[in-house]
Amino acid sequence: MVTRRTLLAAALACPAICTVAGSAGRRLPPEARGLWAAGVTVAYGTRSLVVGHDTEAALLRDLASRADAAALTVSAVLRRAVRPLVLVPRTSAEAAALAGTGAVEGLAALASQGRVIVLPGAFARLTPVGRDVVLAHELTHVAAGTEGRPVWLREGFADYVGYLRSGLPTRVAAAELAAEARAGLLPSALPADADFAPGSPRLAQVYQEAWLACRLVATVYGEHALVDLYHRAAGQDLDHALEPLGLSVRALVTRWREYVRDELTGAKGNG
């Protein structure tokens with residue numbers, strides 16, 4: 001992770017936007033060195049470092065500003081300092097190589113090895129609010145970790161943080177799920193890991209279901225309780241992780257179904 005001292009030292013050695021010649025990248029912290037042989041451009045935020053490959057300076061500056069804001073949000077939720085390192089590869093192939101994954105098509109950003117990797121083409125197509133949500137979501141994955149949790153919890157928790165300062169109404173952020181709820185279709189179980197596979201027919205809805213499950217816990221028990229649940233759930237049976245809240249998975253599902261109905265249809269108490 002990029003430390004505050006490293007960022008300050010780098011900022012003193014290099015202006016807010018600079019080009020690093022060659023692959024040595026002596027002005028960069030170790031985590032950002034040797035990414036590309038040439039065309040490495042850097043932007044320093046107050047808390048963040050953004051490194052691009054032949055990337056326009058305006059995009060880097062914008063990302064540094066947004067990453068700073070995302071870091072404040074994630075830090076407030078996790079109750080510890082977060083210093084983002086954001087990489088902007090030139091192509092999808094470069095992004096996939098950095099992430100060590102097969103396909104990144106359709107993604108605007110992803111978290112990998114302590115870094116947020118932004119795909120500039122898809123990221124540019126997002127609204128300003130969407131960019132902030134995506135950065136906070138992926139930075140949450142980096143800062144909180146993902147291993148050992150069910151996918152619904154890690155994605156729902158990241159969306160909880162991502163949407164926290166967005167100002168988006170619930171029915172707008174969960175538009176697809178709201179349409180189902182208005183038609184009387186409520187979820188019967190928390191999303192399975194396989195439901196999050198690319199190309200799944202209800203992919204938007206399962207992300208929204210996961211978000212509202214986490215939002216329910218934060219609303220009823222407090223944000224700290226949600227964070228503690230997230231930490232307890234790493235490698236642990238979910239029923240056991242829910243015990244301190246006086247919940248079981250079955251009880252959570254019952255309350256969550258009601259919450260989805262109430263939040264998305266306004267039909268509280270009507271069945």
Measuring from atom [atom1] of [X] to atom [atom2] of [Y], what distance do you get when rounded to the nearest 0.5 angstrom?
X    : Y    : atom1 : atom2 : value
R250 : L190 : CZ    : CG    : 13.5 Å
E243 : D237 : CD    : CG    : 8.5 Å
E138 : L135 : CD    : CG    : 8.5 Å
R232 : H240 : CZ    : NE2   : 8.5 Å
T55  : L63  : OG1   : CG    : 8.5 Å
D159 : S166 : CG    : OG    : 10.0 Å

Does any part of the side chain of [Y], heavy atoms only, come nearer than 4.5 Å to the side chain of [X], both counted from C-beta?
X    : Y    : result
Y259 : T219 : yes
P84  : V142 : no
V104 : S92  : yes
R202 : E180 : yes
L226 : Y221 : no
W152 : Y207 : no
Y44  : V50  : no
P150 : D193 : yes

**Message:** Applying side-chain contact (heavy atoms from CB on, under 4.5 Å), can you list everything that pairs with E94, at least two apart in sequence or on another chain?
**Reply:**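 So E94 forms a side-chain contact (heavy atoms from CB on, under 4.5 Å) with W36, H53, P89, R90, T91.
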
Which atom of [X] lies closest to which atom of [Y], heavy atoms considered:
X    : Y    : value
A122 : A108 : CB-CA, 3.8 Å
L164 : E223 : CD2-OE1, 3.6 Å
A32  : L49  : CB-CD2, 4.2 Å
V82  : A71  : O-CB, 3.6 Å
L59  : P120 : CD2-CB, 3.9 Å
T73  : R165 : OG1-CG, 3.5 Å

**Asked** Between V51 and V88, is a side-chain contact (heavy atoms from CB on, under 4.5 Å) present by the stated rule, with each step listed?
**Response** CA-CA 6 Å; V51 183; V88 190; over 6 Å; no

**Request:** Take L216 and R255, measure what side-chain contact (heavy atoms from CB on, under 4.5 Å) needs, and give me the verdict at the end.
**Result:** CA-CA 8 Å; L216 165 64; R255 297 194 67 168; 4.1 Å; yes

Indicate yes or no for a side-chain donor-acceptor contact from [X] to the backbone of [Y] under 3.5 Å, with no hydrogens or angles considered.
X    : Y    : result
R61  : A43  : no
T101 : A96  : no
T140 : V161 : no
D239 : S248 : no
Q205 : L177 : no
W256 : E209 : yes
S65  : D62  : no

**Message:** Let's go through L110 and L119 carefully: what are the C-alpha distance in whole Å and the side-chain angles of both, what is the deciding distance for side-chain contact (heavy atoms from CB on, under 4.5 Å) to 0.1 Å, and is it a yes or a no?
**Reply:** CA-CA 8 Å; L110 69 156; L119 284 79; 3.7 Å; yes

**Asked** How are the rings of H137 and H141 set to each other: parallel, tilted or perpendicular (split at 30° and 60°)?
**Response**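 Perpendicular, since the angle between the ring planes exceeds 60°.
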
**Request:** Classify the ring geometry between Y163 and W211 as parallel (under 30°), tilted (30 to 60°) or perpendicular (over 60°).
**Result:**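 The rings of Y163 and W211 sit tilted, inter-plane angle from 30° to 60°.
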
Donor-acceptor contacts under 3.5 Å from residues 123-131 side chains, at least two apart:
| from | atom 1 | to | atom 2 | distance (Å) |
| --- | --- | --- | --- | --- |
| R125 | NH1 | G121 | O | 3.4 |
| T127 | OG1 | G130 | N | 3.0 |
| R131 | NE | F123 | O | 3.4 |
| R131 | NE | L126 | O | 3.2 |
| R131 | NH2 | A124 | O | 2.9 |
| R131 | NH2 | L126 | O | 3.4 |

What about [X] and [Y], same hydrophobic cluster or not, with Ile/Leu/Val/Met/Phe/Trp/Tyr joined at side-chain heavy-atom distances under 4.5 Å?
X    : Y    : result
L153 : V249 : yes
L72  : V134 : no
L185 : L212 : no

Less than 4.0 Å between a side-chain N and a carboxylate O, is that true for [Y] and [X]?
X    : Y    : result
E263 : R215 : yes
D68  : R47  : no
R79  : D228 : yes

**Item:** side-chain contact (heavy atoms from CB on, under 4.5 Å) evaluation trace for D54 with T41
**Value:** CA-CA 7 Å; D54 291 332; T41 311; 5.9 Å; no

**Request:** Take atom CD of E56 as the centre, draw a 6.0 Å sphere, and report whether it contains more than 12 heavy atoms from other residues, nucleotides or ligands.
**Result:**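 Check fails, neighbour count at 12 or below.
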
